[in-house]
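Okay, so here's the structure we're looking at.
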Amino acid sequence: MELLIALTLGLILVGAVYGVLFSQWRLFSLHRATTEARQSLRTALALLSWELAAASPAVGDLYVIGPNSLTFRALQGTGVVCSSVKHGSKMHYGLQQSWGYFEATADDSAFAYRVASAKWSAVDVAKAWNKSQSWSPAPSGGGTPVCFWGDSTTAMPRPQATLQLAASDEVLNDIVVGAPVRVFRRTEYGLFNRDGYWWLGRRIGDAASYQTVTGPLLAPGSGGFVLEYYDSGGAVTTDPAQVARVDILLRATSVGAAGYVQRTRQDSLRTTVFIRG
């Protein structure tokens, strides 16, 4: 009898301890799921807001605007001209203080600052190199670019990146040492389905598939990724050229590490991006 009573009390005690541990595990699991969903949203909004803020509807940077997708000209890289060499009807420019990745595809374009005219002009990216190297093909006047700051007596290391730009002689001759250059590419954001879940994707240029930005999100019909566009007067607009503000809403759901839904939690974040004119 005494042994039976001891076993019963022991089982009750073990059950109580297990209940406490299970409750703590459940609380931790819910907290982790919520944190994962929220961090996922913050990362996506930061990237999308940063890229969208650099777009200018006035010069046609917004291509297609929709309630669940957006296609625009996104900033891919920047640099400051430190040298230039004439090559036929084109100019080779060496860049220092460069950032990003430069390419020359049908979806690439660039804006260069014309110092004498004090304005930005659109130019075509004919060729691009993302590291210091000899020009290919070598332009007349030399094959290895050397950077100068201010005058030819102050030499800097070889450029961090080089571009071959095509435009009128008037524009090219006005892009001198010290002029900033910004390279853009067609970029699309939208939802896509993978393994039964919806993800926010980013498609650059003519890519056939999305790169995963974040997720999983709720389905399009449940408001996983919602975009609203407003003009400078605060009215809703469907005209890409009139967009002055974009409201972005993301709704995320958590997924277990093994790829299946585990203690699913949902969270949402909204942000507003004011686009430059």
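Fair warning: this is a prediction, and the values are worked out from it, not measured in the lab. Note: hydrogens, waters and symmetry copies are ignored here, and every other heavy atom, side chains too, is used. Throughout, residue positions are numbered sequentially from 1 according to the sequence presented.
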For the student: nearest non-hydrogen atoms of L41 and A252, plus distance: CD2-CB, 3.4 Å
ILVMFWY cluster, V171 and L165 together (side-chain gap under 4.5 Å): yes
Polar side chain donor-acceptor pair, R182 to T78, under 3.5 angstrom: no
Candidate pair V81 and V176, rule side-chain contact (heavy atoms from CB on, under 4.5 Å), full reasoning: CA-CA 7 Å; V81 174; V176 297; over 6 Å; no
Side chains of W199 and L191 in contact at under 4.5 Å (non-hydrogen atoms): no
F111/W120 aromatic ring centres below 6.0 Å: no
Ring-face cation of R203 near Y210 (centre distance under 6.0 Å, axis angle within 45°): yes
Geometric cation-pi criterion R251 and W198, 6.0 Å radius, 45° cone: no
Shortest non-hydrogen separation from P240 to Y63 and the atoms involved: CG-O, 4.1 Å
side-chain contact (heavy atoms from CB on, under 4.5 Å) evaluation trace for T272 with V246: CA-CA 6 Å; T272 296; V246 181; over 6 Å; no
Gap separating the CD atom of Q242 from the OG1 atom of T237, nearest 0.5 angstrom: 6.0 Å
Any donor-acceptor pair under 3.5 Å from T187 side chain to R185 backbone: yes
Closest contact, heavy atoms only, A161 versus S98: CB-OG, 4.2 Å
Heavy-atom check, side chain of Y230 versus side chain of V236, under 4.5 Å: yes
Between CZ on residue R42 and CG on residue L250, distance to nearest 0.5 Å: 13.0 Å
Exercise: identify the closest heavy-atom pair between Y113 and A118: OH-CA, 3.2 Å
Working for side-chain contact (heavy atoms from CB on, under 4.5 Å), residues V273 and R245: CA-CA 6 Å; V273 180; R245 187 188 100 204; over 6 Å; no
Interatomic distance, L200 atom CG to T43 atom OG1 [nearest 0.5 angstrom]: 11.0 Å
Backbone of V213 reached by a side-chain donor or acceptor of Y189 within 3.5 Å: no
Heavy-atom side-chain proximity of I275 to L62 below 4.5 angstrom: yes
side-chain contact (heavy atoms from CB on, under 4.5 Å) evaluation trace for L47 with R202: CA-CA 10 Å; L47 175 61; R202 180 172 180 257; 4.3 Å; yes
Check: L52 and L70 side chains under 4.5 Å, non-hydrogen atoms: yes
Non-hydrogen side-chain atoms of Y229 and D247 separated by less than 4.5 Å: no
Any V183 side-chain heavy atom under 4.5 Å of L163 side chain: yes
Check: R270 and E228 side chains under 4.5 Å, non-hydrogen atoms: yes
Interatomic spacing from CG in L227 to CG in L249 - rounded to 0.5 Å: 9.0 Å
Heavy-atom donor-acceptor pair, D124 side chain to A126 backbone, under 3.5 Å: no
side-chain contact (heavy atoms from CB on, under 4.5 Å) partner of I204, the single match among Q211, E188, R186: Q211
Same cluster (ILVMFWY, side-chain, under 4.5 Å), L269 and I248: yes
Check: D61 side chain, S56 main-chain N or O, donor-acceptor pair, under 3.5 Å: yes
Expected output: side-chain N68 to main-chain V226 donor-acceptor under 3.5 Å: no
Any donor-acceptor pair under 3.5 Å from S49 side chain to L45 backbone: yes
Polar side-chain atom of D174 near backbone of E170 as donor-acceptor pair, under 3.5 Å: no
F184 with W50, same ILVMFWY side-chain cluster at under 4.5 Å: yes
Spacing of D239 atom CG and I65 atom CD1 [to the nearest 0.5 Å]: 7.0 Å
Atom pair CG/OG of L218 and S268 - distance to nearest 0.5 Å: 9.0 Å
